[in-house]
There are 2 protein chains.
Amino acid sequence: MSSNFVKGLEGLVVAQTALSRVEGQMGRLTYRGYAIHDLARQATFEEIAYLFWQGELPTRAQLDDLKMQLAHARMVPPNVMQLARQLPKEADPSDALRTLVSALGAGKPLQKPDLSEAMMLTAQVPVLLAAFHRARTGAEFIPPRGDLDHTANYLYMLSGEMPTPAQSKALNVYLILLADHGLNASTFAARVIASTLTDLYACITGALGALKGPLHGGAPSRVIEMIEKIGTKENADAWMREAFARKERLMGFGHRMYKAEDPRAEILRELARETADPALFDLAFNVEATALRLLHESKPAERIYTNVEFYSAVILHSVGLPKDMFTPTFAVSRMVGYTAHILEQLADNRIMRPDAEYIGPAPRVVKKIEDR
Amino acid sequence: MSSNFVKGLEGLVVAQTALSRVEGQMGRLTYRGYAIHDLARQATFEEIAYLFWQGELPTRAQLDDLKMQLAHARMVPPNVMQLARQLPKEADPSDALRTLVSALGAGKPLQKPDLSEAMMLTAQVPVLLAAFHRARTGAEFIPPRGDLDHTANYLYMLSGEMPTPAQSKALNVYLILLADHGLNASTFAARVIASTLTDLYACITGALGALKGPLHGGAPSRVIEMIEKIGTKENADAWMREAFARKERLMGFGHRMYKAEDPRAEILRELARETADPALFDLAFNVEATALRLLHESKPAERIYTNVEFYSAVILHSVGLPKDMFTPTFAVSRMVGYTAHILEQLADNRIMRPDAEYIGPAPRVVKKIEDR
């Protein structure tokens, strides 16, 4: 293997960013200089969106203005609403969302992504998801409510019921925490695609396809499956030892970037303690403790911690989302990071065209088909 | 700017590949060790597909078998055919194709990309394009013909008429030449997306979004526009000097990878000389010569050559394709490279998660909204 080649691009600096900063050795994550802990406690999702898009936290007037713009942008064209009803009911909502975002772009002239389109698409992703989810369950579409903020409106459109303040708060914190995280695979894919000067729909469609991958955003639903299979805290040790014996990977632990606890995991754990069903939290907490103990036993030299996915799963389950909506709800949040990265890429763009090391056959001569 | 950071990933080795090899200093391109000149002269598109997918050129029996498999795989599910008819008629066919490929994946369970899916999707891309193109022009869909090969069947489905042998040959050579080219932005995007272990539809959807970008696959249609605007060979010099004065970029010249003539440009030039309308070829040839002369005049130190896009445009126009079908026809060809790269990525995968250099604000404290 060539010394030039770093598998998975680990440690390779491929862009400059003024958005989020992941300091994995210290377990620190900041958004434009603000610690994620402070933002989770003191801000709303819309304030975070403003911060990423504009560089600063908004004043009250700026925030009100953004909320109004997002609420107005929720109107999805009728042909795309129709498609949401026609997609196969068994489709994974992540695939449905990707198809609907792509369809939103089909018919619009090629346009360089800008902030106004970024806001519009961020506003429409929850509407697209709710439209598909209602249709697949045979329920009527529930129009968005302009008086509700991004988070509450999303939950309202899914269920038709007003979320409780605790649900809104829990999902709001989740959406803040997942909004950006440097050059994860889907955000990086969005920047690579954007570098060709294609449109925003193309960039986001690519990012959504990557987000679904089980090594990326596809993990949280499998955390809940694991917790459900374990069933009782007494069963955790035996179940996990069997999973290890089967060489299964435990979902919700370990992250390439963090050699300390992921700060998002810590915030989500406390949020789950406050807002989740106490029996579920107790089970999850014991599953987590058992997993960390067994991981340490089997790999004492490695620093493996709970990652963001573990308690994300508990929170998303607690606010009433079905498992297959976990990954697309991650997308509801990450839309802010995707769009901010795309705009950042385009502000000083060069097409991303790396090299590969050729390891194939030496030059050879084409034989006639009869002689092969 | 950090010394670590290479804009556009230029020269950065991010993968190993046994597929194509671009030797830009020498103007050489090989597919699995075979020179592109030899393949263009002696092989068909299906043989190239076999070469990329299986590693060797096929025997007669292997080729017949692949052709049969591709012909059988052309059946597109009814719900996606319906969507092809429902998309806005004014949609860019590249956007339509992206949406239809995404829709093909919606409803299928998450599956690791494999060769059988790669073949199926490669077979279906021309069908999806023809279905959309016929629908947008108000014409009936023309079912694929199992007795026609990939190239002839594509042209037949678009027009309803059997292509001439010269048309089939010209498009066949084009499809061979464009089938793979290392880690261009769309192929790289496909590998980044694949590295999350998502499905094939997600990877291809992302790649198609990138391919459309004006810095990538979106250029050839603009070459024809330029040639048409110039109109006569006598006008070329004056027109281009004005374009330079307006700081416009000439389409069809220059390529980051090549410091010698792109071998594909040379083959396509000769192909155009043989098969294109002589008046169009003569005009294009003079436009090319004028452009190279003026580029050399204005940037004498740089080695700028005709790129693959220039005569691609002439060939695609000559076989009767409308301008907005140029980029998606590029995709018809590149499907082979995309799928081969995705399978190669997955054979020894690690999620692609590079780093960014943080250049944003230093740590700061969240102020209450009233105090901002």
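Convention: sequence-line order gives letters A, B, ...; per-chain numbering from 1. Computed from heavy atoms alone, side chains included, the values below leave out hydrogens, waters and symmetry copies. From a predicted model like this one, the values you see are computed outputs, not experimental measurements.
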Rounded to the nearest 0.5 Å, how far does [atom2] of [Y] lie from [atom1] of [X]?
X: A/Leu110; Y: B/Lys212; atom1: CG; atom2: NZ; result: 5.0 Å
X: B/Arg60; Y: A/Asp371; atom1: CZ; atom2: CG; result: 11.0 Å
X: A/Ile193; Y: B/Ile193; atom1: CD1; atom2: CD1; result: 4.5 Å
X: B/Met352; Y: A/Leu183; atom1: CE; atom2: CG; result: 13.5 Å

Measuring heavy-atom distances to chain A, does [X] have an atom under 4.5 Å in its side chain, in its backbone, in both, or in neither?
X: B/Glu47; answer: side chain
X: B/His181; answer: both
X: B/Val365; answer: backbone
X: B/Pro58; answer: both
X: B/Glu370; answer: side chain
X: B/Asn79; answer: side chain
X: B/Ala189; answer: both
X: B/Ser94; answer: neither
X: B/Leu51; answer: side chain
X: B/Asn349; answer: both

Let's test your reading of the structure: which of [options] forms the most heavy-atom pairs below 4.5 Å with chain B?
options: A/Gln42, A/Arg28, A/Gln62, A/Arg32; result: A/Arg32
options: A/Gly8, A/Gly182, A/Ala91; result: A/Gly8
options: A/Asp38, A/Leu57, A/Leu208; result: A/Leu57
options: A/Pro361, A/Cys203, A/Gly105, A/Ala194; result: A/Pro361
options: A/His216, A/Arg98, A/Glu90; result: A/Arg98

query: If you draw a 6.0 Å radius around CZ in B/Arg249, do more than 12 non-hydrogen atoms from other residues or ligands fall strictly inside?
result: no
Options [options], ranked by heavy-atom pairs under 4.5 Å with chain A, top entry:
options: B/Leu39, B/Leu215, B/Asp355; answer: B/Asp355
options: B/Ser102, B/Ser20, B/Ala356, B/Ala43; answer: B/Ser102
options: B/Gly206, B/Ser195, B/Ala18; answer: B/Ala18
options: B/Ala202, B/Ala106, B/Pro88; answer: B/Ala106
options: B/Lys368, B/Lys367, B/Arg191, B/Met257; answer: B/Met257
options: B/Val192, B/Val366, B/Thr30, B/Leu211; answer: B/Val366

task: Please report the shortest heavy-atom distance between A/Tyr358 and B/Leu19, naming the atom on each side.
output: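 Looks like CE1-O, 3.7 Å.
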Give a yes or no on whether the backbone of [Y] and the side-chain of [X] come within a donor-acceptor separation of less than 3.5 Å.
X: A/Arg350; Y: B/Lys7; value: yes
X: A/Thr196; Y: B/Ala210; value: yes
X: A/Arg21; Y: B/Gly360; value: no
X: A/Arg256; Y: B/Ile351; value: yes
X: B/Thr198; Y: A/Gly209; value: yes

How about [X] and [Y]: do any of their side-chain heavy atoms sit closer than 4.5 Å?
X: B/Val14; Y: A/Leu12; value: yes
X: B/Gln86; Y: A/Gln86; value: yes
X: A/Ile369; Y: B/Leu63; value: yes

Given that the side chain runs from C-beta out, which part of [X] has a heavy atom under 4.5 Å from chain B: side chain, backbone, both or neither?
X: A/Ala185; result: both
X: A/Leu83; result: side chain
X: A/Thr187; result: neither

Electrostatic pair [X]:[Y] at N-O distance under 4.0 angstrom:
X: A/Asp95; Y: B/Lys108; result: no
X: A/Arg353; Y: B/Glu10; result: no
X: A/Glu56; Y: B/Arg364; result: yes

